[in-house]
Amino acid sequence: MLEVRHDIVRAMGAFLSEAERRRAEWLKSERDRRRFIACRGQLRQVLASRLGIAPSDVELEYGQLGKPHLSHRMPSRNLRFSVSRSEDVAVIALSTGQEVGVDIEAIRPVPEADEIAALCFSASDYESYAALGPDDRLAGFFRRWTRLEAISKGLGCGLGHPGSSDDKDWGVRSFIPKTGYLGCVVVRK
Ligand SMILES: CC(C)(COP(=O)(O)OP(=O)(O)OC[C@H]1O[C@@H](n2cnc3c(N)ncnc32)[C@H](O)[C@@H]1OP(=O)(O)O)[C@@H](O)C(=O)NCCC(=O)NCCS
């Protein structure tokens, strides 16, 4: 949960690197700053407990399109992670060895859902989405969308990567992180 007490946010802030603190400072709203710090601080705590080091000693590096990963100087190069945030909730997925991707979304009206589905979903996903009745459409959209995003985050590429909708290489599990949200976690087979 990203809405945590101010003293906890302050304590989390102490775990962050200089670059992360600068990133927090650039965020315009106080709420976004707080949520970013709470998320990054908890990510550092979770990784640190797995690595047996202090949260502030966790070193992160970034792929070409911004995917964070542990630096090669960290004691376990096998530990993979993926993070997703939506409103006041964040999820951290961890995996040993295999690449992992996670996405969560607060379910909210998406007036342009049909257009997005036509543009981004695979042919079979779009076909099954289009066959849904009006009551199932929104959840059906977010179920497919979170899977698509989780796979593109596992790959470390943005949406729009040619392979990003291909789920045959991934173990896929949808979940509900909190009432009103949908999530999907994928692990490379
Ligand atoms: C990665 C991406 C799918 C994130 O989607 P999102 O729904 O906005 O955000 P989420 O909360 O689910 O994920 C954010 C987290 O994903 C991670 N992340 C960032 N870039 C990533 C990437 N390329 N691959 C995997 N994970 C990534 C970070 O941990 C980030 O957390 P942080 O903001 O606290 O640092 C999206 O930003 C993207 O497509 N990026 C690729 C780069 C790109 O195409 N940029 C164009 C910008 S115009």
Completion exercise
Distance col, row Leu94:CG vs Leu43:CG, nearest 0.5 angstrom, shows 8.0 Å
Exercise for the section: Please say whether more than 12 non-hydrogen atoms of neighbouring residues, nucleotides or ligands are located less than 6.0 Å from CD in Gln64. Expected result: no
Practice task
Identify, with sequence neighbours excluded, every residue that meets side chain to side chain donor-acceptor pair (under 3.5 Å) alongside Arg137.
Solution key: Asp114
Exercise for the section: Could you list all the salt bridge (Lys or Arg N to Asp or Glu O under 4.0 Å) pairs where at least one residue sits in residues 174-189, not counting sequence neighbours? Expected result: Asp88-Lys178
Handout entry: Cluster check Phe36, Val46: I/L/V/M/F/W/Y, side chain < 4.5 angstrom
Key = no
Practice task
Could you name each residue pair satisfying salt bridge (Lys or Arg N to Asp or Glu O under 4.0 Å) that touches residues 7-17, not counting sequence neighbours?
Solution key: Arg5-Asp7
Practice task
Please go through Met1's hydrophobic cluster and name the other residues, only I, L, V, M, F, W, Y counting, with side-chain heavy atoms under 4.5 Å joining them.
Solution key: Val89, Val91, Val100, Val102, Ile104, Phe175, Tyr181, Val185, Val187
Exercise for the section: Scan residues 93-103 for pairs that pass salt bridge (Lys or Arg N to Asp or Glu O under 4.0 Å), counting only residues two or more places apart or in two chains. Expected result: Lys67-Glu99, Arg80-Glu99
Completion exercise
By side chain to side chain donor-acceptor pair (under 3.5 Å), Arg108 pairs with (sequence neighbours left out) Glu105
Completion exercise
Tyr129 meets the ring pair (Phe, Tyr, Trp, His ring centres under 6.0 Å) criterion, sequence neighbours left out, with Phe121
Exercise for the section: Not counting sequence neighbours, which residues clear side-chain contact (heavy atoms from CB on, under 4.5 Å) with Thr179? List them please. Expected result: none
Fill in the blank from the handout: Residue set satisfying salt bridge (Lys or Arg N to Asp or Glu O under 4.0 Å) with Arg21, at least two apart, ordered chain then number -> Glu18
Handout entry: Residues which pass side chain to side chain donor-acceptor pair (under 3.5 Å) with Ser17, listed by chain and number, not counting sequence neighbours
Key = Glu20
Fill in the blank from the handout: Across all chains, not counting sequence neighbours, the side-chain contact (heavy atoms from CB on, under 4.5 Å) partners of Ser174 are Arg143, Cys184
Problem - Set of side chain to side chain donor-acceptor pair (under 3.5 Å) partners for Glu3, sequence neighbours left out - result: Arg34, Arg35
